[in-house]
Amino acid sequence: MTALPLHYLGACTRRHRRHPDIYMKDTIISLLEGAVDALKHQGVLPNDLTPTIKVDPTKDKAHGDYATNLALMLAKPSGMKPRELADTLVAALPASDAIQKTEIAGPGFINFFAATDAAAQIVAQVLDSGDAFGRSLIGKGEKVQVEFVSANPTGPLHVGHGRGAAIGDSLCRLLEATGYDVTREFYYNDAGAQIKNLALSVQARAKGLGPDDASWPEDGYRGEYIVDVANDYMAGKTVTADDREVTAKADADDLDAIQAFAVAWLRREQDLDLKAFGVEFDVYFLESSLYEDGKVEATVEKLVANGHTYEKDGAMWLRTTDFGDDKDRVMRKREGGYTYFLPDVAYHLNKWQRGFKTVINEQGADHHSTVTRVRAGLQALEVGIPTGWPDYVLHQMVMVTRSGVEVKLSKRAGSYVTIRDLIDEVGRDATRFFLAARRADSQLTFDIDLARSQSNDNPVYYIQYAHARVCSMLRKAEEAGQPFDHSIATAHLALLDSDQEKAVLNRLARYPEVVEHAAKNREPQQVAQYLLDLAGDFHTCYNAVKVMVDDDTLRNTRLALGLATRQVLRNGLDLMGVSAPEEM
RNA sequence: GCGCCCGUAGCUCAGUUGGAUAGAGUGUCGGCCUCCGAAGCCGAAGGUCGCAGGUUCAAUUCCUGCCGGGCGCGCCA
């Protein structure tokens with residue numbers, strides 16, 4: 001038995017996963033495969049042809065529901081004119097009840113018009129699957145680690161962290177929905193120079209100094225929260241953060257005690273903000289632990305032993321230029337102590353050793369220079385880590401405007417907009433949606449005035465409103481003594497035959513693919529875009545087709561479409577960490 | 001100067017990995033509630049997809065070069 005071409009096997013698994021009876025697109029693909037095979041046997045097409053068959057939903061309903069460019073792709077290798085080949089392919093298509101008719105259009109597209117009852121089966125599929133609709137096992141349970149936010153514990157989280165949190169968490173939800181075993185991880189840089197700066201700042205406040213005093217530490221943190229930390233420290237308070245509890249010594253001269261307290265204080269602060277944002281981590285990884293466990297030293301020794309280091313100007317350098325960097329990097333400073341990048345390498349080695357073949361780091365693009373550096377360091381370890389590991393998702397800067405004026409993001413100035421500000425002013429749902437609904441690699445303008453205006457402009461309300469509308473219809477039906485009857489509804493789905501209803505049906509059918517695509521490309525904004533489209537289709541349909549009619553069959557069938565829409569809206573919103581309210 | 005990212009309607013942004021007449025929101029103008037929620041719907045107007053080449057049957061999408069903007073180019077993280 002000869003092996004099947006790879007694409008063919010792919011198509012087989014795809015069909016089995018997606019139920020060709022339900023998913024029109026896969027039905028069409030398998031029909032086209034049948035046609036291609038038939039034409040090969042007839043000698044019309046060359047036998048060694050292994051086309052990747054692409055079927056897309058149409059933009060214009062005049063072009064039917066789905067279209068393929070197959071005839072255009074095969075025109076050259078078959079030596080036929082595109083439209084002629086399209087005719088031949090259509091003639092060779094196996095018979096199917098799912099297709100009402102086909103047309104050949106334009107330069108040689110084949111347009112498929114779905115039979116209404118076949119297309120409408122998606123409603124039954126959605127209702128049967130419920131929360132599981134759109135979920136898949138593509139990831140096969142493979143372990144994936146996503147590191148995101150990873151803010152320094154030196155201040156409250158700002159909008160940039162918020163974007164990272166929204167994108168990172170949504171990405172995790174997408175990966176979970178596609179069958180991956182996801183670990184959410186937050187890396188705390190609690191061992192570097194900026195932490196000493198934090199301790200000095202708190203100490204200065206504890207001694208009653210302010211940023212304008214002559215002895216205020218250079219580059220000290222000026223934010224008001226430093227005062228709060230200092231007051232709590234001097235009051236001998238106890239704070240709990242993640243895994244540890246720290247009680248203040250109330251001694252303004254003990255810098256180590258101040259540092260331990262301040263870090264715990266700010267970690268607690270950040271954790272509370274993240275919780276309010278609906279984001280929770282599985283692992284909080286402390287940079288300091290890498291020193292305590294000797295991981296940093298071990299990493300240095302390995303790099304030295306591999307011969308990738310050298311001494312210069314009293315410092316120790318890593319020859320990262322051997323691995324694609326544009327210049328070598330200092331790993332141990334002249335005055336002793338390591339640069340941040342060394343523990344970074346040690347940390348990522350640790351991720352690898354924990355068995356994560358896929359690691360995704362979600363970070364601000366202002367740190368993109370670390371990408372090459374960390375990868376280079378990992379290569380220099382020579383422990384079999386693949387080139388280009390780990391993956392990165394970098395988000396561009398967030399500019400915040402208020403009253404049309406940019407609000408500067410300056411941690412040192414202490415006047416930046418925090419996640420907490422946004423949650424309090426705009427609400428969690430809107431904040432999460434805004435921050436995750438745009439491509440990570442384009443800059444984002446967050447207009448506080450616009451976002452806080454509680455009404456009209458907010459796209460998330462548009463989606464939530466569609467959800468609440470369906471809930472309202474169901475309540476209405478209950479009140480009228482005509483509760484939804486599932487068995488009546490799903491037996492007559494062919495009644496969903498208006499243009500508006502068909503638009504919703506086609507949109508629903510696309511959801512699993514959208515989730516798969518968004519997860520694969522690490523682009524949560526595709527889910528946001530889809531939800532806006534689905535909500536739009538639904539609102540249009542709602543205005544065009546009256547649901548609460550006297551006819552039991554018609555009413556229940558239309559309710560079923562609403563219910564299926566509600567289910568998909570709910571599933572999609574959940575992927576973004578946004579709630580699906582029953583009333584607004 | 002070098003590296004990464006971006007440039008699409010007045011504004012904010014999508015564009016399903018190369019498809020047909022480039023979409024949505026917002027803003028402007030005009031319609032739709034004695035009717036399931038008007039936070040909604042319908043219509044109009046608004047574009048040399050930064051510019052110029054190249055690859056292709058087909059380019060907003062891929063390649064090259066410019067122009068413009070952001071970020072980075074620390075023995076900071």
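All chains are named by letter (A, B, ...) in the order of the sequence lines, taking the proteins before the strands, and each is independently numbered beginning at 1. Side chains included, hydrogens not; waters and symmetry mates left out as well; all remaining heavy atoms used. From a predicted model like this one, the values you see are computed outputs, not experimental measurements.
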Exercise. Does some side-chain heavy atom of A:Tyr340 sit less than 4.5 Å from a side-chain heavy atom of A:Thr370?
Worked result: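 SC-SC contact between A:Thr370 and A:Tyr340 confirmed.
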For this session: Kindly indicate whether the side chain of A:Leu559, heavy atoms from C-beta on, has any atom under 4.5 Å from the side chain of A:Asp485.
Result: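 A side-chain contact is absent here, since even the closest heavy-atom pair is not under 4.5 Å.
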Need one value for [X]: base, sugar-phosphate or nothing, where a base atom within 4.0 Å counts as base even if backbone is also close, heavy atoms only.
X        : answer
A:Arg475 : base
A:Ala315 : base
A:Val545 : base
A:Ala480 : nothing
A:Asp313 : base
A:Gln464 : nothing

For this session: Taking ring-ring contact (aromatic ring centres under 6.0 Å, His included) as the test, write out the residues that go with A:Phe285, two or more places apart.
Result: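 A:Phe285 satisfies ring-ring contact (aromatic ring centres under 6.0 Å, His included) with A:Tyr347 once adjacent residues are dropped.
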For this session: List in chain and number order the residues that pass ring-ring contact (aromatic ring centres under 6.0 Å, His included) with A:Tyr338, two or more places apart in sequence or in another chain; answer none if no residue qualifies.
Result: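 Applying ring-ring contact (aromatic ring centres under 6.0 Å, His included) to A:Tyr338 gives none.
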Looking only at atom [atom1], what distance separates [N] and [M], rounded to whole Å?
N     : M     : atom1 : value
B:U61 : B:C5  : P     : 16 Å
B:U60 : B:G18 : C1'   : 11 Å
B:G30 : B:U34 : C1'   : 24 Å
B:G50 : B:A9  : C1'   : 15 Å
B:U8  : B:A22 : C1'   : 8 Å
B:C71 : B:C29 : C1'   : 41 Å
B:G23 : B:U48 : P     : 15 Å
B:C6  : B:U64 : P     : 13 Å

For this session: Test A:Phe323 against A:His308 for ring-ring contact (aromatic ring centres under 6.0 Å, His included), laying out the working first.
Result: CA-CA 10 Å; A:Phe323 305 97; A:His308 295 300; 5.1 Å; yes
In whole angstrom, give the distance that lies between atom [atom1] of [X] and atom [atom2] of [N].
X        : N     : atom1 : atom2 : value
A:Asp344 : B:A77 : CG    : P     : 9 Å
A:Tyr465 : B:C36 : OH    : P     : 11 Å
A:Arg566 : B:G37 : CZ    : P     : 14 Å
A:Arg438 : B:C6  : CZ    : C1'   : 14 Å
A:Phe341 : B:A77 : CZ    : C1'   : 13 Å
A:Leu534 : B:A14 : CG    : C1'   : 16 Å
A:Phe434 : B:U12 : CZ    : C1'   : 9 Å
A:Met331 : B:A77 : CE    : C1'   : 18 Å

For this session: Return the orientation label for the A:Phe446 and A:Phe434 ring planes: parallel under 30°, perpendicular over 60°, tilted otherwise.
Result: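 Tilted.
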For this session: Could you tell me how the ring of A:Phe538 sits relative to the ring of A:Tyr542: parallel (under 30°), tilted (30 to 60°) or perpendicular (over 60°)?
Result: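 Because their plane-to-plane angle lies in the 30° to 60° range, the rings of A:Phe538 and A:Tyr542 count as tilted.
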For [N], does either OP1 or OP2 sit under 4.0 Å from a side-chain N or O belonging to [X]?
X        : N     : result
A:Tyr462 : B:G37 : no
A:Arg558 : B:C36 : no
A:Tyr340 : B:A77 : no

Closest to the [X] side chain, choosing from [options]:
X        : options             : answer
A:Asp366 : B:C36, B:G72, B:C75 : B:G72
A:Met397 : B:C71, B:C76, B:C36 : B:C71
A:Asn152 : B:A77, B:A14, B:C41 : B:A77

Problem set entry | Test: A:Lys101 cationic atom under 6.0 Å from A:Phe113 six-membered ring centre, within 45° of axis |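 Yes, a cation-pi geometry holds between A:Lys101 and A:Phe113.
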For [range], pull every pair meeting salt bridge (Lys or Arg N to Asp or Glu O under 4.0 Å), keeping only residues two or more places apart or in separate chains.
range                       : result
residues 502-512 of chain A : A:Arg507-A:Asp533, A:Arg507-A:Asp537
residues 360-374 of chain A : none
residues 331-344 of chain A : A:Glu311-A:Arg332

Would you mind writing out the side-chain donor-acceptor pairs for residues 469-477 of chain A within the sub-3.5 Å range, not counting sequence neighbours?
unit_1, atom_1, unit_2, atom_2, d
A:Arg469, NH1, A:His539, ND1, 3.0
A:Arg475, NH1, A:Glu582, O, 3.4

So which protein N/O to nucleotides 42-46 of chain B N/O distances come out below 3.5 Å?
unit_1, atom_1, unit_2, atom_2, d
B:C42, OP1, A:Thr540, OG1, 3.0

Exercise. Where does RNA chain B form stems of at least three consecutive Watson-Crick or G-U wobble pairs, each pair having both distances below 3.5 Å?
Worked result: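 Stem segments, range with range: B:1-7 with B:67-73, B:10-13 with B:23-26, B:28-32 with B:40-44, B:50-54 with B:62-66.
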For this session: Would you confirm whether A:Thr68, through its side chain, and A:Ile110, through its main-chain N or O, come within 3.5 Å as a donor-acceptor pair?
Result: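 Not confirmed, A:Thr68 side chain does not pair with A:Ile110 backbone.
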Exercise. Sub-3.5 Å donor-acceptor pair from the side chain of A:Trp389 to the main-chain atoms of A:Arg375, do we have one?
Worked result: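 The answer is no, because no donor-acceptor pair under 3.5 Å joins these two groups.
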Exercise. If the sugar-phosphate is the primed atoms plus P, OP1 and OP2 and the base is the rest, what is the B/S/- string for nucleotides 16-21 of chain B, using protein heavy atoms under 4.0 Å?
Worked result: BB-BB-
Problem set entry | Sequence neighbours excluded - side chain to side chain donor-acceptor pair (under 3.5 Å) pairs with any residue from residues 69-84 of chain A |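 Non-adjacent pairs meeting side chain to side chain donor-acceptor pair (under 3.5 Å): zero.
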Distances under 3.5 Å between protein N/O atoms and the N/O atoms of nucleotides 29-35 of chain B, please, pair by pair.
unit_1, atom_1, unit_2, atom_2, d
B:C35, O2', A:Lys546, NZ, 3.3

Check [Y] with [X], please: is the shortest side-chain N to carboxylate O separation under 4.0 Å?
X        : Y        : answer
A:Arg329 : A:Asp325 : yes
A:Asp391 : A:Arg522 : yes
A:Lys351 : A:Glu185 : no

At a cut-off of 3.5 Å, list every protein nitrogen or oxygen paired with a nitrogen or oxygen from nucleotides 1-5 of chain B, distance to 0.1 Å.
unit_1, atom_1, unit_2, atom_2, d
B:G3, N2, A:His368, NE2, 3.0
B:C5, O2', A:Gln396, NE2, 3.4
B:C5, O2', A:Asp441, O, 2.6

For this session: Just label B:C33 as syn or anti from its O4'-C1'-N9-C4 or O4'-C1'-N1-C2 angle, using within 90° of 0 for syn.
Result: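 Syn.
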Exercise. With a 3.5 Å cut-off and just heavy-atom distances, do the side chain of A:Ser472 and the base of B:G37 make a donor-acceptor pair?
Worked result: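 Result: at least one qualifying N/O pair found.
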Problem set entry | Pair A:Tyr530 and A:Tyr511, ring centroids less than 6.0 Å apart |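 Ring centroids of A:Tyr530 and A:Tyr511 are less than 6.0 Å from each other.
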